[in-house]
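Worksheet for the structure shown next.
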Amino acid sequence: MEEFGQTEGKALRFDLTDMRLFLTVVEQGSLTKGAENMNLALASVSERISGMESALGAQLLERNRRGVTTTAAGDALIRHARLILDQVEQMRGELRTYGAGLKGRIRLLSNTAGLAAFLPPRLRRFLVAYPDLSIDLYERPSTEIVRAILEGRADLGVVTYMADLAALQTRVIAQDQLVVVASETHRISDQQSIAFADVVGEPFVGLADTALEAYLGERAARLGRQIYYRIQLRRIEYIAMLVESGVGIAILPEVSAKELGHLGLAIVPLQDRWALRQLHLCARDFSALTPHAGLLAQQLMEPKVAIP
């Protein structure tokens, strides 16, 4: 990648190393640490950054005793450099799949609710129907998924409704009800529904490192509270064992909780409006998706379902 573009007749000689170097310096907060991270001499790093600034005709970094901070031009370069480097990695990954006999990969992000019940059967049908396609699937909070779609780091996302969706194209694909799971002897076990504010002060047994955890933490913060997790586990059946023993309560998607019905747990729907969540499939532009991502989008949009 010899020349990246032109400005006022002068070629911008930005290569991928320049962009990686710039991002590393920004992330490390100093030229010295950036040079160490990239295994380059400090003088070489300083010369490259100065060359980028000269080619642009704008200062990218403010240098001070504590390190460096970005200027407005530097912030703009960060956005573009990340997008370009992500696209290069996507290209490399997709081209490598041809060597492995694959015809295409789709980058799909989903929140906890989508992964709990909606996606597995649909992805199974899709992958069986299209044996030459593969899916890179990651669980992320909805807010992070929206950013990734906007920045071109994923093809499709499954998220709950939020204001930020206005910048994307979306389709409603399912509904997700959050419920409180408690032991049969817990004070809420005989209630028909309950407000989050009435249980946020209880000790919790939670799912570890999930988008749902982040979502509930955000809702607790709006009440000026913080969720107290006695323990966090990665498997729902283990969570159920501890809830049944009275260690704490859990909040789960209803479809996940109903799988635990044989344990005799109390399942109480949250009555807060935000607890009944619509799941949206989102993309920057459905008409501009790659052909294989477009096929997956069609599979996920038909038909609209409720969970459960």
Side-chain angles (χ1 to χ4, degrees), residues 110-120 139-145 158-165 172-280 304-308:
S110 175
N111 63 3
T112 306
L115 281 175
F118 177 78
L119 284 176
E139 181 180 356
R140 296 287 188 272
S142 292
T143 51
E144 186 176 328
I145 293 172
V158 176
V159 302
T160 50
Y161 178 78
M162 60 184 63
D164 290 345
L165 285 178
V172 177
I173 52 176
Q175 287 188 332
D176 162 50
Q177 173 68 55
L178 293 179
V179 299
V180 181
V181 181
S183 69
E184 290 186 320
T185 59
H186 195 277
R187 64 177 180 84
I188 71 167
S189 61
D190 60 349
Q191 298 195 33
Q192 296 299 311
S193 64
I194 196 164
F196 181 60
D198 292 335
V199 296
V200 69
E202 295 277 341
F204 274 67
V205 178
L207 283 168
D209 301 322
T210 64
L212 177 58
E213 174 196 5
Y215 183 66
L216 293 175
E218 175 190 345
R219 289 293 169 176
R222 294 187 183 188
L223 297 174
R225 305 293 295 273
Q226 183 175 354
I227 294 176
Y228 167 51
Y229 287 103
R230 293 195 66 191
I231 190 170
Q232 291 177 274
L233 303 165
R234 295 186 180 276
R235 298 185 61 174
I236 288 178
E237 57 265 37
Y238 295 157
I239 290 174
M241 290 171 55
L242 271 70
V243 169
E244 184 182 24
S245 300
V247 173
I249 64 170
I251 293 181
L252 300 171
E254 187 174 23
V255 67
S256 299
K258 285 194 171 181
E259 294 177 0
L260 309 174
H262 64 285
L263 297 176
L265 297 168
I267 299 175
V268 183
L270 280 173
Q271 59 191 221
D272 305 76
R273 290 183 60 186
W274 55 262
L276 179 58
R277 307 182 296 172
Q278 288 188 326
L279 292 183
H280 292 248
K304 175 183 172 183
V305 300
I307 300 181

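Between the side chain of S189 and the backbone N or O of E184, at least one donor-acceptor pair lies under 3.5 Å. In this structure a side-chain-to-backbone donor-acceptor pair under 3.5 Å is present from N111 to G114.
More than 12 heavy atoms of other residues, nucleotides or ligands lie within 6.0 Å of CD in E237, so this atom counts as buried by the packing criterion. Atom CD of Q226 sits in a sparse spot, with 12 or fewer heavy atoms from other residues, nucleotides or ligands closer than 6.0 Å.
Scanning all heavy atoms of the two residues, the minimum distance from P269 to Q177 falls at CB-NE2, 4.2 Å. Taking each heavy atom of P253 and D176 in turn, the nearest pair found is CB-OD1, 3.5 Å. Closest approach of V180 to I251, counting heavy atoms only: CG2-CG1, 4.2 Å. Minimum heavy-atom separation, V205 to Y229: C-CD2, 4.3 Å. The minimum heavy-atom distance linking A250 with V243 is given by the pair CB-CG2, 4.0 Å. Of all heavy-atom pairs between H280 and V172, the closest is CE1-CG2, 3.5 Å.
In this structure, L260 CG and I239 CD1 are separated by 9.0 Å, a value rounded to the nearest 0.5 Å. The CD1 atom of I188 lies 11.0 Å from the CD1 atom of I267; values are rounded to the nearest 0.5 Å. One finds the CD atom of Q278 at 10.5 Å from the CG atom of L165 (value rounded to the nearest 0.5 Å). Interatomic distance, E254 CD to Q175 CD, rounded to the nearest 0.5 Å: 11.0 Å. Separating the CG atom in L265 from the NZ atom in K258 is a distance of 14.0 Å, to the nearest 0.5 Å. Remark: S142 OG to L212 CG distance equals 10.0 Å, nearest 0.5 Å.
For the pair I231/L242, a side-chain contact is recorded, criterion being any heavy-atom separation below 4.5 Å from C-beta on. You'll find the side chain of L207 reaches within 4.5 Å of the side chain of L252, heavy atoms only. A heavy-atom distance below 4.5 Å is found between the side chains of I173 and F118. Under the 4.5 Å side-chain criterion, counting only non-hydrogen atoms from C-beta, V268 is not in contact with V179.
Partner L270 forms a side-chain contact (heavy atoms from CB on, under 4.5 Å) with one of L276, D198, L178 and no other, that one being L178.
Using a 4.0 Å cut-off between charged nitrogen and carboxylate oxygen, R230 and E202 do not count as a salt-bridge pair.
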(message) Applying side-chain contact (heavy atoms from CB on, under 4.5 Å) to V181 and I249, what does each step give before you reach the verdict?
(response) CA-CA 6 Å; V181 181; I249 64 170; over 6 Å; no
(request) Report the C-alpha distance between R277 and Y215 in whole Å, list the side-chain angles of each, state the deciding distance to 0.1 Å, and finish with yes or no for side-chain contact (heavy atoms from CB on, under 4.5 Å). (result) CA-CA 12 Å; R277 307 182 296 172; Y215 183 66; 3.3 Å; yes
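No side-chain donor-acceptor contact under 3.5 Å links E139 and S110.
At least one cation-pi condition fails for R225 and F196: the charged atom is not both under 6.0 angstrom from the six-membered ring centre and inside a 45 degree cone around its axis.
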